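Remember, it's a predicted structure, so these values are computed and weren't measured experimentally.
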Amino acid sequence: MTIWIIEDDVAHASDAWRQIKSLVAEMEALARRRKGVAMEQITPAKLFWDQSMTWKPRLKSLDYDDVVPSEASSQLPDIVVLDLFRGDEFVAPALLRSLREWEREEKRDPVRFSHVILWSAYPGRPDALNFVRGEPKRDKHIVPMETKDEMQLRTNVAHCWRAREEELYP
């Protein structure tokens, strides 16, 4: 499972990172118990962060001892936590459009879209509110959030994780 956090605010990215890392440990332990295999046999989840909020992301780690492989930005994510704004600039629609174009270009059969969690501390702006409420109607792989609540994020990532596993292993 590859998870990207696209967030320009370091504090918010760190909060998301902490919640997702904890969830990843739980999901991997659950997979180990369910499958009855050693931890070494479970493919570890990969978690990356991009602060630039530009396309293509420049992925890095918030864990100081982690080295991000150079090919990380060229591998499609399974789950994306996407902040709506870079500063005051509403960038989520352009980033989502670029991600979806990239996924279509990969020529996988069938096209497998990333699960994207929209999260923002400022969803009340009319353009952002319309996007958060309207995009899930057009794209079934979108999970809207009208807050940056860490526990809600954790729940949504877990939901997306299970949905992705069902897509990959029906």
Side-chain angles (χ1 to χ4, degrees), residues 1-29 42-103 113-136 139 141-164:
M1 195 69 56
T2 300
I3 303 170
W4 290 2
I5 299 170
I6 310 296
E7 167 64 68
D8 63 329
D9 184 286
V10 177
H12 288 160
S14 296
D15 292 343
W17 188 275
R18 186 179 59 257
Q19 288 297 325
I20 294 170
K21 285 288 276 195
S22 172
L23 176 67
V24 164
E26 289 176 23
M27 297 296 275
E28 289 175 347
I42 301 291
T43 304
K46 296 174 270 189
L47 181 57
F48 302 110
W49 168 55
D50 172 57
Q51 185 177 20
S52 72
M53 297 192 65
T54 58
W55 196 256
K56 259 193 165 174
R58 295 184 290 276
L59 300 173
K60 51 188 165 184
S61 174
L62 281 171
D63 289 334
Y64 296 106
D65 56 343
D66 279 359
V67 175
V68 175
S70 58
E71 70 275 1
S73 292
S74 63
Q75 297 173 344
L76 288 168
D78 295 293
I79 301 169
V80 177
V81 177
L82 179 62
D83 185 17
L84 302 181
F85 295 94
R86 179 179 52 228
D88 289 335
E89 183 183 3
F90 183 45
V91 296
L95 289 172
L96 180 60
R97 189 171 43 253
S98 295
L99 173 64
R100 293 300 187 232
E101 287 171 7
W102 181 36
E103 290 166 332
F113 294 107
S114 304
H115 291 266
V116 178
I117 300 168
L118 303 176
W119 91 319
S120 179
Y122 310 106
R125 275 184 38 178
D127 51 356
L129 192 57
N130 289 338
F131 183 73
V132 168
R133 291 185 177 163
E135 199 60 30
D139 185 335
H141 284 79
I142 298 291
V143 178
M145 287 183 63
E146 294 187 17
T147 177
K148 282 196 174 178
D149 180 79
E150 294 173 39
M151 293 312 293
Q152 184 181 354
L153 175 64
R154 181 186 178 94
T155 299
N156 287 337
V157 170
H159 169 76
C160 291
W161 185 302
R162 287 188 297 274
R164 172 58 86 212

If we only count heavy atoms from C-beta on, is the D9 to D83 side-chain gap below 4.5 Å? no

Considering only heavy atoms from C-beta outward, does the side chain of M1 approach that of V24 to under 4.5 Å? no

Applying side-chain contact (heavy atoms from CB on, under 4.5 Å) to L76 and T2, what does each step give before you reach the verdict? CA-CA 8 Å; L76 288 168; T2 300; over 6 Å; no

So, for V91 and M53, which heavy atoms are closest and what is the spacing to 0.1 Å? CG2-CE, 3.5 Å

Taking all heavy atoms of D50 and all of R58, pick out the closest pair and write down the distance. OD1-N, 3.0 Å

Shortest non-hydrogen contact from S73 to W102? O-CH2, 3.5 Å

On a heavy-atom basis, which atom in M27 and which in A158 lie closest, and how many Å separate them? CE-O, 4.4 Å

Check: R100 side chain, S114 main-chain N or O, donor-acceptor pair, under 3.5 Å: yes

Is the closest side-chain donor-acceptor distance between S120 and R125 under 3.5 Å? no

Close side-chain approach of W17 to S61, heavy-atom, < 4.5 Å: yes

From W119 atom CH2 to Q152 atom CD, the distance as rounded to the nearest 0.5 Å: 10.5 Å

Does any part of the side chain of Q19, heavy atoms only, come nearer than 4.5 Å to the side chain of V157, both counted from C-beta? no

Note: F131 and F90 closest approach over all heavy atoms is CB-CZ, 3.6 Å

Working for side-chain contact (heavy atoms from CB on, under 4.5 Å), residues V143 and H115: CA-CA 7 Å; V143 178; H115 291 266; 5.6 Å; no

If you measure from CE on M151 to CG on L153, what distance do you get to the nearest 0.5 Å? 10.0 Å

Output for pair (S14 OG, K21 NZ), nearest 0.5 Å, gives 12.5 Å

S22 (side chain) donor-acceptor with R18 (main chain) under 3.5 angstrom: no

I'd like to check I5 versus L62 (side-chain heavy atoms, cut-off strictly below 4.5 Å). Are they in contact? no

One should read off an interatomic distance between K56 NZ and S98 OG, to the nearest 0.5 angstrom, of 10.0 Å

Okay, side chain of E7, backbone of V81: is any donor-acceptor separation there less than 3.5 Å? no

Salt-bridge test for D15 and K148: reply yes if a basic N is under 4.0 Å from a carboxylate O, no otherwise. no

Less than 4.5 Å apart, any side-chain heavy atom of E26 and any of R154? yes

Heavy-atom pair of closest approach, residues D8 and Q51: O-NE2, 3.1 Å

What I'd like to find out is whether the side chain of L59 reaches to under 4.5 Å of the side chain of W4, using heavy atoms alone. yes

Spacing of CD belonging to E101 relative to CH2 belonging to W55, to within rounding of 0.5 Å: 9.5 Å

Report the distance from atom CD1 of I3 to atom CG of L47, rounding to the nearest 0.5 Å. 6.0 Å

Any side-chain heavy-atom pair from L84 and L118 closer than 4.5 angstrom? yes

